[in-house]
Amino acid sequence: MAETSGHKAVRLWMWLLIGVVALVVGVAMSFQVGGALERERAFRAAPACASVPVKASGCLWEQEFTVRSAEKNRRGKHRSPEAVLVPPVGEPWYVTFRNSGPVFSEMERDDKVVGVIWHGQLVEVRDTGGRVQQTSVGPVGWSADRLGGALACIPIGLTAVAGGVWALVARRNRRHAAAATVVRWHGLAIGGAALLTLWAQSGNDWPMWAIPAIWGPIALILLACMTGFVIAALRGELEDDDPAGPQGRTTPPPPPPPPVPRPAQPSAPGPRTGHVAPPGSPSAP
């Protein structure tokens, strides 16, 4: 029993650690949303350069490149996709991408692409078919990524910390421990819904406001479900049997011992039958 309690305590401390880390990451991402949004707006409003910029500039310069190589199997090595682009004059550019589509996945050796240079960095690539893809340093999409990450990490962190502290404080009460578990797992569901919403927004090229517009109702539904399950847990309705007290189910009393059989009573003597001694004999009464 002591070993089981120790394992539970370690698991709760792990939940607290995960919650604190997720909360810190989520808050940091939320502070980056504004800066990423301003950078994206500046990029979209930047004018075209009148001539080739000799130093890093805020204008946009389009440069033709030839694809030397495109490493498409780097995802299996946990590295970003990378392409080597060669300009007509000068050294090759080593460019990484956040994902493989839609331009990088179709890149082949000696293909012609057009790169957009902004502040001395290659931020966007366009192929001959007109498809456009941001590079790893491209400003477009970073604000949505930070917003989605914040909406995912903050609920996970808050519920993990709240549920972990609740379970540690009331770990001797099974009903409260069950309610704390409900809080933690619903927090994971809310964060997972934010990640799925971000994935859908990125894949369909929806505007950034689509993330809170879609995730908000889903989060409210999950919060309502969490509230209902917490109330049910505190009432003991999540237990298999009806609890006998505030501590939840108790051990049933042992069955009564089986009755001890009573010894058989000797039968009462009855009247004698048989030969009657004659009068005057020694055995006569």
Side-chain angles (χ1 to χ4, degrees), residues 24-75 77-150 153 198-199 201-211:
V24 171
V25 173
V27 172
M29 285 186 172
S30 67
F31 282 109
Q32 294 175 357
V33 172
L37 190 58
E38 289 296 328
R39 188 166 179 261
E40 181 176 345
R41 290 173 178 170
F43 170 75
R44 294 186 183 278
C49 297
S51 60
V52 180
V54 295
K55 61 179 182 179
S57 175
C59 61
L60 303 179
W61 175 255
E62 293 189 355
Q63 175 68 56
E64 293 185 356
F65 291 92
T66 302
V67 179
R68 174 185 291 179
S69 65
E71 297 186 27
K72 301 178 181 179
N73 58 348
R74 290 166 61 93
R75 280 294 184 182
K77 302 176 182 178
H78 303 286
R79 293 186 294 177
S80 300
E82 184 182 66
V84 180
L85 306 180
V86 181
V89 179
E91 297 295 327
W93 292 60
Y94 294 84
V95 183
T96 58
F97 298 86
R98 283 176 255 173
N99 47 59
S100 59
V103 177
F104 179 80
S105 59
E106 302 296 330
M107 275 187 182
E108 299 294 341
R109 185 179 177 86
D110 296 330
D111 284 352
K112 301 296 183 181
V113 295
V114 176
V116 178
I117 300 175
W118 184 55
H119 288 290
Q121 294 179 319
L122 185 56
V123 297
E124 189 176 272
V125 175
R126 184 175 70 250
D127 62 8
T128 55
R131 292 173 298 184
V132 177
Q133 181 176 354
Q134 291 277 301
T135 65
S136 297
V137 296
V140 178
W142 275 109
S143 56
D145 291 343
R146 293 299 180 267
L147 177 61
C153 292
L198 175 61
W199 175 75
Q201 181 268 344
S202 177
N204 295 279
D205 198 21
W206 295 337
M208 188 179 68
W209 58 261
I211 298 176

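We use all heavy atoms of the structure for the numbers below, so side chains are in, but hydrogens, waters and symmetry mates are not.
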side-chain contact (heavy atoms from CB on, under 4.5 Å) between Val140 and Arg44, intermediate numbers included: CA-CA 9 Å; Val140 178; Arg44 294 186 183 278; 3.2 Å; yes
Would you mind reporting whether Val95 and Phe65 have side-chain heavy atoms less than 4.5 Å apart? no
Measuring from Leu147:CG to Trp209:CH2, what's the distance to the nearest 0.5 Å? 13.0 Å
Side chain Asp127, main chain Gly129, donor-acceptor under 3.5 Å: yes
For the student: nearest non-hydrogen atoms of Ala46 and Gly58, plus distance: CB-O, 3.3 Å
Do Arg41 and Leu37 have side-chain heavy atoms sitting under 4.5 Å apart? yes
Can you measure from SG (Cys59) to CH2 (Trp118) and round to the nearest 0.5 angstrom? 11.0 Å
For Gly148 and Leu198, work out which heavy atoms get closest and say how close. CA-CD2, 4.2 Å
Hey, what do you get for OG (Ser57) to NE2 (His119), rounding to the nearest 0.5 Å? 7.5 Å
To the nearest 0.5 Å, tell me how far Trp142 CH2 sits from Glu40 CD. 12.0 Å
So do the side chains of Pro88 and Gln63 get within less than 4.5 Å of each other, counting heavy atoms only? yes
Quick one: CD on Gln201 to CE on Met208, what's the gap to the nearest 0.5 Å? 8.5 Å
Do Arg68 side-chain atoms and Leu85 backbone N/O form a donor-acceptor pair below 3.5 Å? no
Student check: side-chain heavy atoms of Trp206 and Ile211 closer than 4.5 Å: no
Do Gln134 and Pro139 touch side chain to side chain, with heavy atoms closer than 4.5 Å? yes
Under a 4.5 Å cut-off applied to non-hydrogen side-chain atoms, are Asn99 and Gln133 in contact? yes
Where Arg131 and Val103 come nearest, the two heavy atoms and their spacing: O-CG2, 3.3 Å
Work out which heavy atom in Trp93 is nearest to a heavy atom in Pro87; give both atom names and the distance. CD1-CD, 4.0 Å
Ser136 (side chain) donor-acceptor with Thr96 (main chain) under 3.5 angstrom: yes
Between Gly26 and Ala150, what is the shortest heavy-atom contact and its length? O-CB, 3.6 Å
Single hit among Leu60, Val123, Val52, Leu122 for side-chain contact (heavy atoms from CB on, under 4.5 Å) with Ile117: Leu122
Roughly how far apart are Arg109 CZ and Thr66 OG1, rounded to 0.5 Å? 10.5 Å
Verify, without hydrogens or angle tests, whether Arg98 (side chain) and Gly138 (backbone) share a donor-acceptor contact under 3.5 angstrom. yes
